[in-house]
K.L.:
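Let me begin by handing over the structure; questions about it come next.
Naming convention: chains lettered A, B, ... in sequence-line order (proteins, then strands); numbering from 1 in each chain.
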Protein chains: 2
Amino acid sequence: MGSCDSCLVRNRAICAALDAKELETLNAIGRRRELHAGESLIWEGEESILVANVIEGVLKLSTGTQDGREQIVGVVYPSEFFGRPFGTTSNHGVTALTDARVCVFSRRDFDAFARGHPALEHKLLERTLGELDRTRRWMLLLGRKSASEKIASFLLETADRLVEPGCKVHPDAHATRMTLPFSRQQIADVLGLTIETVSRQFSHLKHEGVIDLPSRRDVVILDREALVAEAG
Amino acid sequence: MGSCDSCLVRNRAICAALDAKELETLNAIGRRRELHAGESLIWEGEESILVANVIEGVLKLSTGTQDGREQIVGVVYPSEFFGRPFGTTSNHGVTALTDARVCVFSRRDFDAFARGHPALEHKLLERTLGELDRTRRWMLLLGRKSASEKIASFLLETADRLVEPGCKVHPDAHATRMTLPFSRQQIADVLGLTIETVSRQFSHLKHEGVIDLPSRRDVVILDREALVAEAG
DNA sequence: CGCGCATTTGAATACTTTCAACTATTGTGG
DNA sequence: CCACAATAGTTGAAAGTATTCAAATGCGCG
C-alpha cells in the first residue's frame, strides 16, 4: 500500500525516468495523501513547502485578486505534477476538485533528489515546457474569444483530458460523455466568465442539440463537429 | 565578434551554467542573428527548428485565431531564452518588436547539447518554471481584470522588466520613464483589448495626472501609487 | 418527502467594441 | 527643408455582449 510498485500512475508520471533503486529512494521521501473535494494542499502566496504527483482525481490551480475575483490557471489530472520546485513561494493555490489521492514530497527533499537525477529533471523540464505551451494557448481563449467560443473550447479540451490514457488502441479517442469535475462557478473561473453566462451558454448548446445535460455534472457531446466549429 | 566571450548577456543567460570549455562547444553550434523590428524568426504551427537567447532588443510570442484575432502570449527581453526545445512544433510565432540581436541554435543541436549538460538543463528548467508562473499570473489579468486594471498592470510590469538589470545597487528599481517596445495595437494584443480602448485608457490616465505621454512610445509614471491602486 | 443550495432564467445595466471621423506624427520625394 | 502622403493614434457615437441584480426552478442529500 502506498509504494511506488503499486502506483496507478507509475509509468506515466515523471517517476518513469527512474530505475528500481532510484525509485526506492524517491519512495522513501514521498508519502501518500488523500484529499476530499474542496480541500486545499497549497495556498497562494505561502512558502513553497511541497510538490506532488496526482495519482487519482482532479485538482485546480488558482489565483485571485484581493477583492475576491478568482481565476483558475491550471487543472491537474492523474499522473501530472504540481507545486513549485526550486522556488521559495507558491504563486497559486492548489485545491482538489474531486476526492483525490496524491503522492507528496517535501520540496526541499524533492529538489535535492532531482538535482542528483538529471533524467528526472529532464522529464520535469519536458512536462513544464508542455504545460507552458498549454497555458499560452489558454491565453488566446481568455484574451480573444467570446463566451460561446470559450464554452465550446472548454468542453472539447475537458473531453480530451478526461479520457483515461490507458487505452493505446485509440490514442486520439475523445470522450463523448463525461462527468465534469467542475461546478458551474468553477467553469466560470476557468473561462473568465460569470456563472450566469456559463449557464446560459450551456442551455443554448443544449437547445441547439449540440450537447445533452443529463445531470448537473454530466455532459454528452452530441455534435462534436458543431462544437469544433463554435470553438473558433 | 559574435563569440560567447564578448556576449552582452553572458552571465545572465542560461549559458552562465557552463564552464569555459563547454561554452566553447556551445559557441560552435550557435550563431548570431540580427533582426529588424517586425521581422519574425519562428512561425506558429511550423516545425520547431530553432531556439535562441535574446542578446539585445525585445521580441513577442504570439498566437492567433483563423479569423485574424491575435493574442501576445509572452514578451522576451535580453538574456531570456525562447523557442521550443524537446518538441516538434512551435506553438506560437516569435517576432521582433524592436531591432534585436539573438544567439540562435538549431533545435536538434541544442537538444543534444543540453541532454549532455545537466547544469544547463537545470537552468532552463528554473527559467521555464519562472516563465510558467509569470504566464499564469497574466491569466488572472486576462480573465478577470477590467480595461483600466489591465492598463495599469501592464505599465507596472513593463516598467519593471524594462530596467536594465545591470544595476545591482537598486535591485528593486522601477523605471519612472520608459520607451515602450510596443505599438498601441501590440499593447491591445497583450491585454486582450482593442486599440481604441487602450488609447482611451492612456488618455484617461494622462488627464488624471497619473502618467505623462511625451511621445507615442514614451511613458512617464508620475504617480506610481495610483497605478498600483488601479492595477487591482 | 422536504429543505437547502446549485443552477437556471429574466430584465436592466455597464462596459467594451465597433464603426467612423479626425488629428498628429513620421517618413519621403521634390 | 518643406510639403505632402502614409501610418499611427485619438476621440466620438452607436451597438453589442457579458455582467449584475433578482427571482424562480429543480436537483440531491438527509
Side-chain angles (χ1 to χ4, degrees), chain A residues 36-38 65 67-71 97-99 141-155 179-208 210-220 230 232, chain B residues 36-38 60 65 67-71 97-99 141-155 179-208 210-219 230 232:
Chain A
H36 291 292
T65 56
D67 60 330
R69 286 171 283 177
E70 185 173 333
Q71 177 66 45
L97 292 174
T98 64
D99 289 346
L141 174 143
L142 289 175
R144 292 298 185 199
K145 291 192 179 178
S146 67
S148 57
E149 291 173 321
K150 284 179 174 180
I151 293 287
S153 306
F154 168 81
L155 288 172
T179 299
L180 299 175
F182 306 96
S183 68
R184 292 290 186 270
Q185 181 60 60
Q186 286 159 350
I187 296 172
D189 291 340
V190 170
L191 299 176
L193 296 172
T194 58
I195 184 175
E196 294 94 333
T197 301
V198 171
S199 182
R200 273 185 257 271
Q201 296 295 335
F202 268 67
S203 299
H204 183 245
L205 286 174
K206 185 182 175 177
H207 291 142
E208 299 278 293
V210 178
I211 61 171
D212 191 25
L213 301 166
S215 80
R216 286 180 175 177
R217 293 281 184 138
D218 290 305
V219 179
V220 181
E230 189 60 56
Chain B
H36 290 293
K60 67 170 183 177
T65 56
D67 60 330
R69 287 170 284 177
E70 183 172 334
Q71 177 66 46
L97 291 175
T98 64
D99 290 347
L141 175 143
L142 289 175
R144 292 299 186 199
K145 292 192 179 178
S146 67
S148 58
E149 291 173 321
K150 284 179 176 181
I151 294 286
S153 306
F154 168 81
L155 289 172
T179 299
L180 299 175
F182 306 96
S183 67
R184 293 289 186 269
Q185 181 60 60
Q186 286 159 350
I187 296 171
D189 291 340
V190 170
L191 300 176
L193 296 170
T194 58
I195 184 176
E196 293 95 333
T197 301
V198 171
S199 182
R200 273 185 258 271
Q201 296 294 335
F202 268 66
S203 300
H204 182 245
L205 286 174
K206 185 182 177 178
H207 291 142
E208 299 279 294
V210 177
I211 61 172
D212 191 26
L213 300 167
S215 82
R216 286 181 175 180
R217 293 281 186 140
D218 290 306
V219 180
E230 190 58 57

K.L.:
Round to the nearest Å and state the distance from B:Asp189 atom CG to C:dT17 atom P.
P.N.:
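Taking atom P of C:dT17 as the reference, CG of B:Asp189 is at 12 Å.
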K.L.:
Measure NZ/B:Lys145 against P/C:dC15 and give the value in whole Å, please.
P.N.:
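That distance rounds to 18 Å.
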K.L.:
Just how far, in rounded Å, is P of C:dT16 from CZ of B:Phe202?
P.N.:
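Those two atoms, CZ and P, are 15 Å apart.
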K.L.:
Under 3.5 Å, is there a donor-acceptor pair between the side chain of A:Gln201 and the main chain of A:Val198?
P.N.:
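Pair absent, no side-chain N/O of A:Gln201 close to backbone of A:Val198.
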K.L.:
Across the strands shown, which category fits A:Ser203 at heavy-atom distances under 4.0 angstrom: base, sugar-phosphate, nothing?
P.N.:
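Sugar-phosphate: the residue A:Ser203, judged by heavy atoms under 4.0 Å, touches backbone atoms but no base.
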K.L.:
Let me know the distance between NZ of B:Lys150 and C1' of C:dT17, rounded to the nearest Å.
P.N.:
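Roughly 12 Å, once rounded to whole Å.
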K.L.:
For the side chain of A:Glu196, counting heavy atoms from C-beta on, which of C:dT16, D:dA18, D:dA22 is nearest?
P.N.:
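Shortest atom-to-atom distance from the side chain points to D:dA22.
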K.L.:
Please examine the side chains of A:Leu205 and A:Leu155, heavy atoms only from C-beta on, and report whether any two atoms are closer than 4.5 Å.
P.N.:
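With C-beta onward as the side chain, the pair touches.
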K.L.:
Report yes if some heavy atom in the side chain of A:Ser148 is under 4.5 Å from a heavy atom in the side chain of A:His204; otherwise report no.
P.N.:
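Answer no - side chains too far apart.
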K.L.:
What's the CZ-C1' distance between B:Arg184 and D:dT7, to the nearest Å?
P.N.:
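Atom CZ in B:Arg184 sits about 14 Å away from atom C1' in D:dT7.
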K.L.:
Let's see if you can work this out: which of C:dT16, D:dG28, D:dT7 has an atom nearest to the side-chain heavy atoms of B:Arg216?
P.N.:
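In terms of side-chain proximity for B:Arg216, the closest of C:dT16, D:dG28, D:dT7 is D:dT7.
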K.L.:
Using a 4.0 Å heavy-atom cut-off across all strands, classify B:Ser215 as base, sugar-phosphate, or nothing.
P.N.:
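If one applies the 4.0 Å heavy-atom cut-off, B:Ser215 turns out to touch nothing in the nucleic acid.
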K.L.:
Which nucleotide wins on minimum distance to the side chain of A:Arg200, given the candidates C:dT18, C:dG10, C:dT8?
P.N.:
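Of the options given, the side chain of A:Arg200 lies nearest C:dG10.
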K.L.:
May I have the distance from B:Asp218 (atom CG) to C:dT26 (atom C1'), rounded to whole angstrom?
P.N.:
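Atom-to-atom, B:Asp218 to C:dT26, this comes out as 15 Å.
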K.L.:
Pick the closest DNA chain D nucleotide for A:Thr197 and for B:Gln185 by heavy atoms, then say which residue is nearer the 5' end.
P.N.:
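Of the two residues, B:Gln185 wins.
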K.L.:
Less than 4.5 Å apart, side chain to side chain, heavy atoms only: is that true for A:Leu213 and A:Val219?
P.N.:
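They are in contact (side-chain heavy atoms under 4.5 Å apart), so the answer is yes.
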K.L.:
What is the separation between atom CZ on A:Arg217 and atom C1' on C:dC5, rounded to the nearest whole Å?
P.N.:
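Rounded to the whole Å, the gap is 13 Å.
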K.L.:
Starting at atom CG of B:Leu213, determine the distance to atom C1' of C:dA24, rounded to an integer number of angstrom.
P.N.:
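So the CG-C1' distance, B:Leu213 to C:dA24, works out to 14 Å.
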K.L.:
Side-chain contact, heavy-atom cut-off 4.5 Å: B:Ser153 with B:Glu230?
P.N.:
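No. Closest side-chain heavy atoms not under 4.5 Å.
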